[in-house]
Amino acid sequence: MPFESRRSFPLVGAFILIYVTSWTVITSLLDPSVPYDALEALNWAYAGEFGSPKNPYFVGWVTSLGLMMEPVIPISVYWYLSHFVGVGTGMLGVWLLGNRLFGDNQIAVLSLLSLNVSGIINIDIIPYNDNYLLVTMWPYIFLFFIKAVYDNSYYWYPLAVVCGLAAMSKYSSCVFLSSMFVCTLLVPQARKAYQSATIYLAILLMFLIALPNIVWLWQHDFAAFNWVESQLTSGLNTMLPVFLVAVFYPVALVAMIIKRRGARWAGPDTPEKKLILQVFLPPVIFVLGYLLIHRGGSMTEWLEPFVVLGPVVLFCVTDFKQIQGLQSAICFYIGMACVVLLAYSLVLILNLGGAGAKNNFVSKTSADINAIWREKYNRPLKYVGGSQFSHWLTFYAPDRPRVVTPWSNKHKPNIYNASISEADVRRDGALLISSPGLSFDEATLALDLSIVPGMKLTEYQEFSFQNERGETVTVRLGFLPPE
């Protein structure tokens with residue numbers, strides 16, 4: 001059987017390559033527009049700082065790589081490519097972790113393939129600018145931790161790098177640090193690490209990766225933490241069981257499949273499996289407990305990355321000695337991977353639920369508004385502002401303008417210009433755009449114009465376009481003319 005040999009890396013690699021290529025091509029061609037998170041990531045990349053109002057710095061840095069690749073790879077294509085390269089890399093990590101834990105390549109392959117029925121990994125991951133990075137790195141946190149404890153102490157170094165970058169992708173990655181630390185104190189084999197300088201140097205390395213963000217947070221009034229607090233309110237979350245089913249159903253499905261083939265539930269039979277459970281389960285219980293007493297925000301967004309480790313954790317409490325037909329289960333999941341991709345393609349092509357037309361107007365509208373500025377002043381559009389709608393021009397307008405919004409510790413704008421000056425705006429001008437169907441918001445206007453005291457909008461123009469539902473929508477354009 002093709003997946004029975006430990007030397008099946010070329011087959012696993014080929015599957016991941018086909019997966020990454022197929023999903024990147026389909027989403028790039030059929031998705032009507034990138035999500036708003038792409039605009040955030042792009043502007044954080046422009047800022048080039050060691051933090052942002054919602055996330056640490058690695059999200060922006062990864063997007064900066066996309067800017068370097070233009071025009072060979074358009075930034076819109078790079079959005080999808082980076083996501084699925086990240087997911088594919090995470091799948092490879094799951095396979096490597098499965099091989100290390102179970103010593104059976106078929107079980108390792110099943111761990112990888114069982115993720116392909118997940119809409120979370122394949123579809124719901126697309127709108128977010130951070131979760132795909134956790135899917136990329138979390139399997140390697142567990143792999144390198146096991147190898148550092150039981151194989152070679154030098155794995156503390158790659159563990160430190162991966163932990164540091166995961167934490168600098170999203171702060172929720174830090175939940176595993178506490179359980180890993182406790183395990184190094186309680187597990188005898190792990191405790192031996194403190195007898196060598198290696199682990200202390202690795203901890204220092206991880207701290208150095210995080211230090212620039214700590215400084216940024218201090219300088220910016222801990223904006224990212226304030227944002228998280230603003231998303232939640234205290235109260236019993238009765239919908240949590242629904243969110244759990246929506247996220248972890250691939251784990252339940254693979255559990256039913258292997259149970260029908262003779263698998264039995266049993267306690268972990270190796271120290272490595274026990275260690276995986278000790279590191280994974282306490283943070284999950286803590287997160288679920290926290291979400292149970294809080295409402296608001298996107299619950300599935302916070303739970304999504306945990307599912308990438310779900311099959312491996314399940315298999316740590318599974319006895320496979322009596323199992324039969326594992327190869328047929330693998331073939332089933334390969335078939336399901338194709339079905340999920342085909343189903344998603346049809347949803348977009350047939351525009352079911354409006355999925356194939358969502359925000360399909362933003363690219364043309366951005367170009368049309370850009371052309372109005374060019375025709376009026378015969379020079380590139382450098383700065384936009386006035387509303388969240390204006391942010392789409394930073395991604396889709398041909399001149400790729402920056403936002404005019406300066407940073408403010410009081411207002412903590414999510415998208416801002418870290419380097420803008422009064423001289424820049426007076427020299428190049430700015431175009432302010434209202435929200436569709438509304439007049440300018442005075443508070444937003446005041447923040448955007450605060451960079452140029454005394455300068456006012458000199459001219460207004462109404463601009464109409466059709467949204468994805470074919471409705472005519474009007475925005476108001478306000479001009480700050482260049483010198």
Side-chain angles (χ1 to χ4, degrees), residues 33-49 52-53 60 63-64 66-71 74-79 129 359 361-408 411 413-436 440-441 444-452 455-463 465 473 475-483:
S33 76
V34 298
Y36 185 79
D37 269 37
L39 280 56
E40 293 178 335
L42 178 65
N43 281 273
W44 297 340
Y46 283 144
E49 295 197 307
S52 75
T63 309
S64 296
L67 292 175
M68 296 177 190
M69 292 182 177
E70 284 195 306
I75 193 66
S76 58
V77 174
Y78 178 80
W79 173 262
N129 55 34
N359 292 330
F361 60 91
V362 293
S363 178
K364 181 179 184 303
T365 300
S366 297
D368 290 344
I369 294 175
N370 196 141
I372 291 174
W373 176 274
R374 281 272 188 169
E375 183 178 348
K376 192 175 188 64
Y377 297 111
N378 195 30
R379 59 193 302 172
L381 174 61
K382 292 292 187 70
Y383 301 108
V384 294
S387 68
Q388 189 179 83
F389 182 77
S390 70
H391 299 165
W392 288 105
L393 274 73
T394 66
F395 198 99
Y396 282 114
D399 287 336
R400 196 69 66 77
R402 300 280 303 278
V403 293
V404 73
T405 311
W407 173 256
S408 164
H411 297 94
N414 188 36
I415 291 180
Y416 66 99
N417 193 322
S419 59
I420 195 168
S421 69
E422 179 179 353
D424 293 332
V425 180
R426 291 191 180 278
R427 180 186 65 247
D428 298 315
L431 175 61
L432 276 66
I433 308 169
S434 72
S435 297
F440 284 109
D441 176 72
T444 302
L445 208 59
L447 177 60
D448 286 353
L449 294 178
S450 65
I451 195 68
V452 281
M455 197 172 183
K456 299 182 181 298
L457 299 175
T458 61
E459 186 179 344
Y460 296 92
Q461 180 177 334
E462 305 298 315
F463 175 79
F465 59 91
V473 181
V475 295
R476 197 174 200 202
L477 310 180
F479 297 88
L480 283 177
E483 289 181 348

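The analysis underlying the following values was restricted to heavy atoms, covering all of them including side chains, and did not include hydrogens, waters or symmetry mates.
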Quiz item: Checking S434 side chain against R476 main chain: does a donor-acceptor pair fall under 3.5 Å?
Solution: yes

Quiz item: Between P380 and W373, what is the shortest heavy-atom contact and its length?
Solution: O-NE1, 3.2 Å

Self-check item: Exercise: identify the closest heavy-atom pair between G478 and F440
Solution: N-CZ, 3.7 Å

Quiz item: To the nearest 0.5 Å, how far apart are CD1 in I415 and CD in Q388?
Solution: 7.5 Å

Quiz item: How long is the span from the CD atom in Q461 to the CD1 atom in I369, to the nearest 0.5 Å?
Solution: 9.5 Å

Quiz item: What are the two closest heavy atoms between P413 and P406, and how far apart are they?
Solution: CG-O, 3.6 Å

Self-check item: Plane angle bin for W392 and Y396 - parallel if under 30°, tilted between 30 and 60°, otherwise perpendicular
Solution: parallel

Quiz item: Would you say D448's side chain and G386's backbone share a donor-acceptor pair under 3.5 angstrom?
Solution: yes

Exercise. Look up atom CG in N129 and atom OG in S52, then write down how far apart they are to the nearest 0.5 Å.
Key: 8.0 Å

Self-check item: Heavy-atom check, side chain of Y383 versus side chain of N417, under 4.5 Å
Solution: yes

Exercise. Might you work through the side chain to side chain donor-acceptor pair (under 3.5 Å) test for N43 and T394, ending with a clear yes or no?
Key: CA-CA 8 Å; N43 281 273; T394 66; 3.2 Å; yes

Quiz item: Cationic tip of K376 within the cone over F479's six-membered ring, i.e. under 6.0 Å and within 45° of the normal?
Solution: yes

Quiz item: When rounded to the nearest 0.5 angstrom, what distance separates OG in S390 from CG in L432?
Solution: 7.0 Å

Quiz item: Would a 4.5 Å heavy-atom cut-off, applied to side chains only, mark V362 and L393 as touching?
Solution: no

Quiz prompt | From K382, R379, R374, residue fulfilling salt bridge (charged side-chain N to carboxylate O under 4.0 Å, His left out) relative to D399 | solution = R374

Quiz item: Taking S387 for the side chain and I433 for the main chain, is one N or O donor matched with an acceptor at less than 3.5 Å?
Solution: yes

Quiz item: Can you find a pair of side-chain heavy atoms, one from S76 and one from F395, that are under 4.5 Å apart?
Solution: yes

Quiz item: L39 versus V34: any side-chain heavy-atom pair under 4.5 Å?
Solution: yes

Self-check item: Nearest heavy atoms of A430 and V425, plus distance in Å
Solution: CB-CG1, 4.4 Å

Quiz item: So, does N370 use its side chain to make a donor-acceptor pair with the main chain of L381 at under 3.5 Å?
Solution: no

Quiz item: So how far is it from W407 CH2 to S419 OG, rounded to the nearest 0.5 Å?
Solution: 14.5 Å

Practice problem: Decide yes or no on side chain to side chain contact (heavy atoms under 4.5 Å, CB included) for S64 and Y46, but give the supporting numbers first. | Solution: CA-CA 7 Å; S64 296; Y46 283 144; over 6 Å; no

Quiz item: Pick from H411, E49, R402: which one makes a side-chain hydrogen bond (donor to acceptor under 3.5 Å, both in side chains) with Y416?
Solution: E49

Quiz prompt | CG on L480 to CG on L457, rounded to 0.5 Å | solution = 5.0 Å

Self-check item: L477 and E459, any side-chain heavy atoms less than 4.5 Å apart
Solution: no

Practice problem: Would you please test E422 and R427 for salt bridge (Lys or Arg N to Asp or Glu O under 4.0 Å) and show each step? | Solution: CA-CA 9 Å; E422 179 179 353; R427 180 186 65 247; over 6 Å; no

Quiz item: Between the side chains of S421 and D424, is a donor N or O closer than 3.5 angstrom to an acceptor N or O?
Solution: yes

Exercise. Before giving the answer on side chain to side chain contact (heavy atoms under 4.5 Å, CB included), spell out for E40 and N414 the whole-Å C-alpha distance, their side-chain angles and the decisive distance to 0.1 Å.
Key: CA-CA 7 Å; E40 293 178 335; N414 188 36; 2.3 Å; yes

Quiz prompt | Candidate pair L42 and W44, rule side chain to side chain contact (heavy atoms under 4.5 Å, CB included), full reasoning | solution = CA-CA 5 Å; L42 178 65; W44 297 340; over 6 Å; no

Quiz item: Hey, does D368 have a side-chain heavy atom less than 4.5 Å from the side chain of F463?
Solution: yes

Quiz item: So, F465 versus F389, ring centres under 6.0 angstrom or not?
Solution: yes

Quiz prompt | Shortest non-hydrogen separation from V404 to G385 and the atoms involved | solution = CG1-CA, 4.1 Å

Quiz prompt | 4.5 Å side-chain heavy-atom contact, L67 and R400 | solution = yes

Exercise. Compare every heavy atom of A41 with every heavy atom of W79, then report the nearest pair and how far apart it is.
Key: CZ3-CB, 4.2 Å

Exercise. Just do the side chain to side chain contact (heavy atoms under 4.5 Å, CB included) check on V452 and R426 with the steps written out, would you?
Key: CA-CA 7 Å; V452 281; R426 291 191 180 278; 4.1 Å; yes

